[in-house]
Amino acid sequence: MAYSDKVVDHYENPRNVGTLDKSANDVGTGLVGAPACGDVMKLQIKVGAGGLIEDAKFKTFGCGSAIASSSLATEWIKGKTLEEAASIRNTEIAQHLSLPPVKIHCSVLAEDAIKAAVADYRAKQPKASEAAE
Amino acid sequence: MATPFTDTAPGGAHSIRPCWSCRGPAAGDAAFCETCGVIQPPGQEDHFARLGLERRFDLDAGTIDRAYFARQRQVHPDRFARRAPREAAIAESRSVSLNAAYQTLRDPLRRATYLLELAGHPIAGDGKTIADPELLAEVMERREALAEADSPEAVAAVAADARHERVSAEAALGAAFAAGDYPAARRHATRLRYLGRLAEEARRRSAMRAA
């Protein structure tokens, strides 16, 4: 199966590969997997004081489409608010990378990884009500 | 050992359907009509019933092999060379469904996957993601170790470790099925699948090096 030029580009030059300190309070980590194909994806966000995602890193073991989906996801969420990042749909990723139907699940993995990272970051923050007191 | 599946599925040994040839009653999963002896088309029975095996995980390869080859002999094309074309065609379709059953049950992980499907606890399939932090952290760690392995010996060590883990994961899977604990069985099966992928990746790495 031929990959699109965009998938090949992200696969050969993945953006933002790496790791952030997962124990830091301003870092959210999302770890998701697709057992059917044996893929595992870690996506991390670092949230700045203004509530914007100032850095994002990923590490993915899987096929080219899974690597490209997570690479693209980290590019897209940088500079976004948590709400904006969490609203990214897998269909947008799949469309941008021209993923064939059999590889749509790779974009689902990326969407779920973003959501998991945002949820992990939020769980680390003091509750809004407590913060207001 | 607990045997969680004792019910006879519809189309199993105790159901009766008419023989296509003599219209007499034929047992649901019997290969041949009791009345006229003509071969019967495969029914809707599950893969275990097709091979006459108990629906359980704990089956050894020899038992499955014997069940399969005995049934394949019954439908061998040579035995139908001088029978009506329709009987030969039915024998052929029985052979195809026996093959499918054998392929599914012979491999322990595929057998586990199938059992979990039958039990209504399927492992995450295509397009489904999981977020089991402990399992995924382990997978991540092993994949990283493999990616960082910079010598044939280091790759072999990761592969050997994965093989060792697969043996214990398979034992844990068997114990979970025996206890009727499907959520645990599903988790062990998912882990086995990941370990299998790791082993594949290790083989690919060794082959690349050898090339």
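Chain A is the first sequence line, chain B the second, and so forth, proteins listed ahead of strands; every chain is numbered from 1.
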Side-chain H-bond candidate by donor/acceptor type, B/Tyr102 with B/Asp65, under 3.5 Å: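 B/Tyr102 vs B/Asp65: donor-acceptor pair found between side chains.
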Got a salt bridge between [X] and [Y], using NZ or NE/NH1/NH2 to carboxylate O under 4.0 Å?
X	Y	value
A/Lys80	A/Glu84	no
A/Lys46	A/Asp21	no
B/Arg205	B/Glu201	no
B/Glu138	B/Arg187	no

[X] portion near chain A, given a 4.5 angstrom heavy-atom threshold:
X	value
B/Thr190	side chain
B/Glu144	both
B/Arg143	both
B/Ala137	both

At a heavy-atom separation under 4.5 Å, does A/Ala116 approach chain B through its side chain, its backbone, both, or neither?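 No part of A/Ala116 comes within 4.5 Å of chain B.
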With only heavy atoms counted, which part of A/Leu109 is less than 4.5 Å from chain B, the side chain, the backbone, both or neither?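 For A/Leu109, the contact with chain B is made by backbone and side chain together.
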Which one wins on heavy-atom pair count under 4.5 Å against chain B: A/Leu31, A/Thr60, A/Val108, A/Ile104?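 Going by pairs under 4.5 Å, I would pick A/Leu31.
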With respect to chain B, which residue among A/Gly33, A/Gly38, A/Ala113 yields the maximal number of heavy-atom pairs within a distance under 4.5 Å?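 The option with the most such pairs is A/Gly33.
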Geometric cation-pi criterion B/Arg56 and B/Phe177, 6.0 Å radius, 45° cone: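 Cation-pi check for B/Arg56 and B/Phe177: fails.
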Out of B/Thr113, B/Asp181, B/Ile130, B/Leu116, which one pairs with B/Arg186 under the side chain to side chain contact (heavy atoms under 4.5 Å, CB included) rule?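 Result: among B/Thr113, B/Asp181, B/Ile130, B/Leu116, B/Leu116 is the only option passing the side chain to side chain contact (heavy atoms under 4.5 Å, CB included) with B/Arg186.
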Largest heavy-atom contact set with chain A, pairs under 4.5 Å, which of B/Val139, B/Ile123, B/Thr129: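 Maximum pair count with chain A is reached by B/Thr129.
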